[in-house]
Amino acid sequence: MSPLGLRQVYDRLLHAQGPQGWWPAETPVEMAIGAILTQNTAWTRVEVAMANLRGAGLLDARRLADLPTDVLAKHLRPSGYFNLKARRLKALAAFLADELDGDPSRLARMPLDQARARLLAVPGVGRETADSILLYAAGHPIFVIDAYTRRLVERLRLADPTAPYDDLRDRFERELPRDAALYNDFHAQIVIHAKDRCRKKPRCQACPLRPDCAVASGGTE
DNA sequence: TCCCAGGTGTCTC
DNA sequence: GAGACACATGGG
């Protein structure tokens with residue numbers, strides 16, 4: 001069992017990194033598109049594909065849904081799995097266009113369970129992708145469990161990192177207040193920490209998750 | 001050259 | 001239900 005509670009972990013990350021107010025996209029539609037494109041892919045590759053879509057005027061659910069799969073796949077090539085993601089993105093875009101007037105933030109008007117079930121019924125939208133859209137595009141209070149979150153869980157021995165997705169999500173949601181802004185920022189803190197600190201400096205002596213962390217105790221990096 | 005990156009669906013046992 | 005595998009590019 002970790003000596004740190006989840007709230008304490010969040011407070012340390014927040015203190016060290018500052019509030020993130022985060023999902024690296026401009027609009028709810030871009031967030032939903034990014035949630036598909038980032039599946040098992042580094043975000044740097046997603047940004048290239050997103051730039052292609054933006055340049056082609058395709059950051060729009062109806063246009064994406066109507067585009068031939070092979071044409072869309074060409075735009076998505078830099079993000080990897082481009083044939084697969086073209087099919088998945090068209091399926092999500094069709095759902096958004098047909099049922100939400102192209103605006104994923106309209107999921108906020110539905111009860112969370114209903115909105116999640118609707119998303120999970122879209123081919124290629126699994127738990128993590130659905131929850132990313134629900135939290136970041138629609139503002140529902142649901143915690144996103146991704147590879148970064150599992151690594152944090154493993155490192156701090158918060159739970160079994162191989163536990164089923166919903167078990168880990170329940171763990172976070174039980175121990176934290178039901179607050180979309182908190183879940184949004186906590187997940188962002190985990191990602192930023194993993195990418196900017198621990199991945200580049202695995203032996204970082206100023207890691208805010210260390211008990212003797214200089215950053216968390218008010219020292220300097 | 002090899003490993004890895006913010007998953008999901010399908011198939012097999 | 002669990003595990004293996006396919007899906008693909010490009011940076012380090």
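A note on names: the letters A, B, ... follow the listed sequences, proteins ahead of strands, and every chain is numbered from 1. Side-chain atoms are counted along with the backbone in the values below, which use heavy atoms only and exclude waters and symmetry mates.
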Next on the checklist: Which residue in the set A/L53, A/N52, A/L84 passes side chain to side chain contact (heavy atoms under 4.5 Å, CB included) when paired with A/L76?
Outcome noted: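 Single pass found, and it is A/L53.
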
Next on the checklist: How about CD on A/Q114, more than 12 heavy atoms from neighbouring residues, nucleotides or ligands closer than 6.0 Å, or not?
Outcome noted: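 Yes - once you tally the heavy atoms of other residues, nucleotides and ligands closer than 6.0 Å, there are more than 12.
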
Item to check | Geometric class of the A/F186/A/Y10 ring pair [parallel <30°, tilted 30-60°, perpendicular >60°] | outcome: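 Ring orientation of A/Y10 relative to A/F186: tilted.
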
Item to check | Parallel, tilted or perpendicular: ring planes of A/Y136 versus A/H187, cut at 30 and 60 degrees | outcome: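 Judged by the thresholds at 30° and 60°, the geometry between A/Y136 and A/H187 is tilted.
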
How long is the line joining [atom1] of [X] and [atom2] of [N], in whole Å?
X      : N     : atom1 : atom2 : result
A/L76  : C/dA8 : CG    : C1'   : 12 Å
A/R151 : B/dC4 : CZ    : C1'   : 9 Å
A/L92  : B/dG7 : CG    : C1'   : 14 Å
A/D160 : C/dA2 : CG    : P     : 12 Å
A/D166 : C/dG1 : CG    : P     : 14 Å
A/L84  : B/dG7 : CG    : C1'   : 9 Å
A/I36  : B/dG7 : CD1   : P     : 12 Å
A/H75  : C/dA8 : NE2   : P     : 17 Å

Checklist entry - Would A/M50 and A/V46 satisfy side chain to side chain contact (heavy atoms under 4.5 Å, CB included), going step by step from the backbone distance to the final call? => result CA-CA 6 Å; A/M50 289 285 277; A/V46 175; 3.9 Å; yes

Next on the checklist: Below 4.0 angstrom, which residues in residues 58-70 of chain A have at least one non-hydrogen atom near DNA chain B?
Outcome noted: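 Hits under 4.0 Å, by residue number: none.
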
Checklist entry - Between B/dT1 and C/dC7, how far is it from one P atom to the other, in whole Å? => result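 So the two P atoms sit 23 Å from each other.
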
Next on the checklist: Can you check the distance between C/dA8 and B/dT10, where both ends of the measurement are the P atom (answer in whole Å)?
Outcome noted: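 These two P atoms come out 15 Å apart once rounded.
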
Next on the checklist: With clusters defined by side-chain heavy atoms of hydrophobic residues (ILVMFWY) lying less than 4.5 Å apart, directly or transitively, does A/L176 cluster with A/W22?
Outcome noted: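 A/W22 clusters together with A/L176.
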
Selection [range] - residue pairs positive for salt bridge (charged side-chain N to carboxylate O under 4.0 Å, His left out), sequence neighbours left out:
range                       : result
residues 60-71 of chain A   : A/R62-A/D66, A/R62-A/D98
residues 130-140 of chain A : A/R116-A/D131, A/D131-A/R169
residues 103-115 of chain A : A/D101-A/R106

Checklist entry - Within the pair A/T129 and B/dT8, is there a side-chain N or O less than 4.0 Å away from OP1 or OP2? => result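 For B/dT8, OP1/OP2 do have a side-chain N/O of A/T129 under 4.0 Å.
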
Checklist entry - Under 4.0 Å between a side-chain N/O of A/N83 and OP1 or OP2 of C/dA8, yes or no? => result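 Answer is yes, contact under 4.0 Å.
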
Using a cut-off of under 3.5 Å, enumerate the N/O to N/O pairs linking the protein to nucleotides 9-13 of chain B.
from	atom 1	to	atom 2	distance (Å)
B/dG9	OP1	A/G124	N	2.8

Next on the checklist: Counting the atoms with a prime plus P, OP1 and OP2 as sugar-phosphate, which does A/P164 contact under 4.0 Å by heavy atoms, base, sugar-phosphate, or nothing?
Outcome noted: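 No contact at all - A/P164 keeps every heavy atom at 4.0 Å or more from the nucleic acid.
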
Item to check | A/R171 bridged to A/D167 by N-O distance under 4.0 Å | outcome: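 No, no charged N to carboxylate O under 4.0 Å.
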
Checklist entry - Which is it for A/T38 and A/D146 under the side chain to side chain contact (heavy atoms under 4.5 Å, CB included) test, yes or no, and what are the steps along the way? => result CA-CA 11 Å; A/T38 198; A/D146 59 9; over 6 Å; no

Any N/O pairs under 3.5 Å between the protein and nucleotides 9-12 of chain C? List them or say none.
from	atom 1	to	atom 2	distance (Å)
C/dT9	OP1	A/R77	NH1	3.0

Item to check | From A/R88, A/E128, A/K85, residue fulfilling side chain to side chain donor-acceptor pair (under 3.5 Å) relative to A/Q39 | outcome: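 In the set A/R88, A/E128, A/K85, the residue that makes a side chain to side chain donor-acceptor pair (under 3.5 Å) with A/Q39 is A/R88.
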
